[in-house]
Amino acid sequence: MLKFFTRNKKSLTTLLFFLFFLSLLLTSNDINTKVIMVMGLFSLYFYQWGLLKTSCRQYYPLLLLFFIICFSLIYTDNLAVGLHKVQRVALIPAAILVFSFIELPPKRVYSILKLFVLVVLCTTLYSHIQTIALFIANAEPSFRNFFNLNYSYQALGSTVGLHPTYYSYFILTAIAILLYFLRNKSRLPFKILMFLIIIYFSFFIVHLSSRIAIVVLYLLFIFNILFFAIKQRALAKSLVWLTVLHLLLVFTILNIGVTKYRFQHIFGFTYYTGYKVNDGNHKLKLWNAAISANENFLIGNGMGDVDASLKVAYTKAALTKAAKEDYNSHNQYIEYYVGLGVIGLVSFCFLLAYYIIHFYKRRNILGFQFIAITATICITECLFTRHHGLAFFVFMLGLLWKLQNEPVEKKTSTALKDY
């Protein structure tokens, strides 16, 4: 058996990561967890103590957050909920174990990233096919109805059981990967194909109508256009792309009904029926109430008591719907502040800062963008409180870390030449 694993190590590694992404996007959390367990067992065949110690040093910000969450069990009142949340973040040491012992040279990482893009493409196509079939079955009188709530936002995400924000998180990462490959030298037909897929993914995100994801998509394009302008010294071309981007953005948002309305909701909007919506004001009230739920500035209430504390705070703030439907804080930073206090909040911010600085120093533009995408989405979403968000983050982080293992030297860096 060991000989079989050793002989087919490369193929099995690629297959396992393909199954990881496939199960993450298209199956239940239980199946994805089982795939992760198989990946962990597979990695143990190549166990080396020295590699584990090296990985622990590389991923210590993640481990620090994990241990702080575990420590909160000591003072949390609802131990059962706390244990459940610790069980979820056990993905962190599991991922470190996998990336400690499985050999992943850059070429294989690139292959795995391409497979991830393929999985995302197949998933989005499936979602649109399901949505189009429903649209036809309902015999809608106008094509514009394809962009109402019946076929957009949560209805579109429900085709594969994904919340729109998490769905967008996967697609945004896929777009960042495609933009990275697009910048590198490749044959024209592949560049055209990647460009078309980027356009389709961008349309899909707008159709999903997750506001924070659309903002991140805009910033992602701005960053890459400016990066292109600086690296290639192509100011004229960059100005053309910026103009095209803004024209497309305005046209798309104005013509996709549910997306237009969701952005109008931020600043306050009244329908012809008299129904009023002001999501911006509501979000601020929600965040203020969530912050007040913290009863211990230094160490928080304990992760097991976050949900109960938020419910009490929402009730006091007269946020009836949020209390009744057990809303989370819709902000990962606030969520950790309530559960882990300022210690947990600082630890989480340090984690993001550590990796974004690391990727910046090593000129790993793809890793830099991934952390920036994650940090921005965390402003309006508790990304790490669900299996989809945390599992994707720790495993994608591990892959992108493998793109470089040696410090980058100025002028002589091979990594720099790649960009």
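Quick note: residue numbers are just sequence positions, from 1.
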Does the pair D307/K85 count as a salt bridge with the N-to-O cut at 4.0 Å? yes
What orientation do F143 and F135 show, parallel under 30°, tilted 30 to 60°, or perpendicular over 60°? perpendicular
Aromatic ring proximity F393/F370, centre distance under 6.0 Å: yes
State whether the number of non-hydrogen atoms from other residues, nucleotides or ligands found under 6.0 Å of Y75 atom OH is greater than 12. yes
For Y200 and H128, test the side chains for any donor-to-acceptor distance below 3.5 angstrom and give the result as yes or no. yes
Provide the closest heavy-atom pair for S43 versus I102 in the form atom of the first, atom of the second, distance. CB-CG1, 3.7 Å
Could you tell me if the ring centre of F116 sits under 6.0 Å from that of F392? yes
Taking the side chain as C-beta and beyond, is there a heavy-atom pair between V81 and M303 under 4.5 Å? no
Applying side-chain contact (heavy atoms from CB on, under 4.5 Å) between I291 and each of L286, I334, N331, report the one that passes. I334
Backbone of G367 reached by a side-chain donor or acceptor of W401 within 3.5 Å: no
Mark yes or no for whether Y314, through its side chain, and A290, through its backbone, hold a donor-acceptor pair below 3.5 Å. no
Would you check, one step at a time, whether the test side-chain contact (heavy atoms from CB on, under 4.5 Å) holds for L397 with T374? CA-CA 11 Å; L397 176 66; T374 304; over 6 Å; no
Nearest 0.5 angstrom please: S23 OG to N29 CG, how far? 9.5 Å
Donor-acceptor check, side chain of T159 to backbone of A155, threshold 3.5 angstrom: yes or no? no
How long is the span from the NE2 atom in H330 to the NE2 atom in H282, to the nearest 0.5 Å? 8.0 Å
From CG (L366) to OG1 (T173), nearest 0.5 Å: 8.5 Å
Would a distance-only check, ignoring hydrogens and angles, find a side-chain to backbone donor-acceptor pair under 3.5 Å from K402 to F99? yes
Side-chain touch V216/F221, heavy atoms, less than 4.5 angstrom: no
Which word best sums up how the rings of Y355 and Y59 line up, parallel for under 30°, tilted for 30 to 60°, or perpendicular for over 60°? tilted
Check the pair F395 / I36 against side-chain contact (heavy atoms from CB on, under 4.5 Å), numbers first and verdict last. CA-CA 10 Å; F395 275 84; I36 293 172; 3.9 Å; yes
For the backbone of N301 and the side chain of N296, can you confirm whether one donor and one acceptor N or O come within less than 3.5 Å of each other? no
How many angstroms lie between CG in N78 and OG in S309, if you round to the nearest 0.5 Å? 10.0 Å
Do V206 and S202 pass the side-chain contact (heavy atoms from CB on, under 4.5 Å) test, and can you show the C-alpha distance, the side-chain angles, and the key distance before you say yes or no? CA-CA 6 Å; V206 176; S202 302; 5.8 Å; no
Do I175 and I205 come within less than 4.5 Å of each other through their side chains, counting heavy atoms only? yes
If you take all heavy atoms of W287 and I379, which pair is closest and at what distance? CZ2-O, 3.3 Å
Looking just at side-chain N and O atoms, do T123 and Y167 make a donor-acceptor pair shorter than 3.5 Å? no
Please test L104 against F17 for side-chain contact (heavy atoms from CB on, under 4.5 Å), starting from the C-alpha separation and ending with a verdict. CA-CA 11 Å; L104 284 169; F17 274 98; 4.0 Å; yes
Heavy-atom check, side chain of V98 versus side chain of F42, under 4.5 Å: no
Looking only at heavy atoms, the pair that brings A375 and L352 closest together is CB-CD1, 3.9 Å
Under the criterion side-chain hydrogen bond (donor to acceptor under 3.5 Å, both in side chains), I'd like the reasoning laid out for Q369 against N224: C-alpha separation, chi angles, the key distance, then a yes or no. CA-CA 10 Å; Q369 290 181 92; N224 278 275; 2.7 Å; yes
Cation-pi geometry met for R108 and Y110 (6.0 Å, 45°): no
Quick check: do P164 and L156 have side-chain heavy atoms less than 4.5 Å from each other? no
Is it true that atom OH of Y126 has more than 12 heavy atoms of other residues, nucleotides or ligands lying nearer than 6.0 Å? no
Between Y60 and Y354, does the ring centroid distance fall short of 6.0 Å? yes
Check whether any side-chain heavy atom of L115 lies under 4.5 Å from a side-chain heavy atom of V117, and answer yes or no. no
Should we count NZ of K285 as having more than 12 external heavy atoms under 6.0 Å? no
Is the closest side-chain donor-acceptor distance between Y169 and H163 under 3.5 Å? no
Closest contact, heavy atoms only, L340 versus S72: CD2-CB, 3.7 Å
For Y360, is there any backbone N or O sitting under 3.5 Å from a side-chain donor or acceptor partner on R363? yes
For the pair T131 (side chain) and S127 (backbone), establish whether a donor and an acceptor sit closer than 3.5 Å, ignoring hydrogens and angles. yes
Taking the side chain as every heavy atom from C-beta outward, state whether E140 and F146 have any atom pair closer than 4.5 Å. no
Value rounded to 0.5 Å, distance of OG1 in T27 from NZ in K34: 10.0 Å
Measuring from atom OH of Y151 to atom NE2 of H207, what distance do you get when rounded to the nearest 0.5 angstrom? 10.0 Å
Within a reach of under 6.0 Å around NZ of K283, are more than 12 heavy atoms found that belong to other residues, nucleotides or ligands? yes
Expected output: side-chain T376 to main-chain A372 donor-acceptor under 3.5 Å: yes
Quick one: closest heavy-atom pair of F201 and A174, and the distance? CE1-CB, 3.8 Å
Might you point out which heavy atoms bring L24 and N32 nearest each other, and give the distance in Å? N-ND2, 3.5 Å
Side chain to side chain, F384 and I69, heavy atoms closer than 4.5 Å: no
Take a 6.0 Å sphere around OH of Y327 and say whether it holds more than 12 heavy atoms from other residues, nucleotides or ligands. yes
So, the side chain of R88 versus the backbone of T385: is there a donor-acceptor pair under 3.5 Å, distance only? yes
Check whether any side-chain N or O of N148 sits under 3.5 Å from a backbone N or O of N145 as a donor-acceptor pair, and report yes or no. yes
Geometric cation-pi criterion K114 and F181, 6.0 Å radius, 45° cone: yes
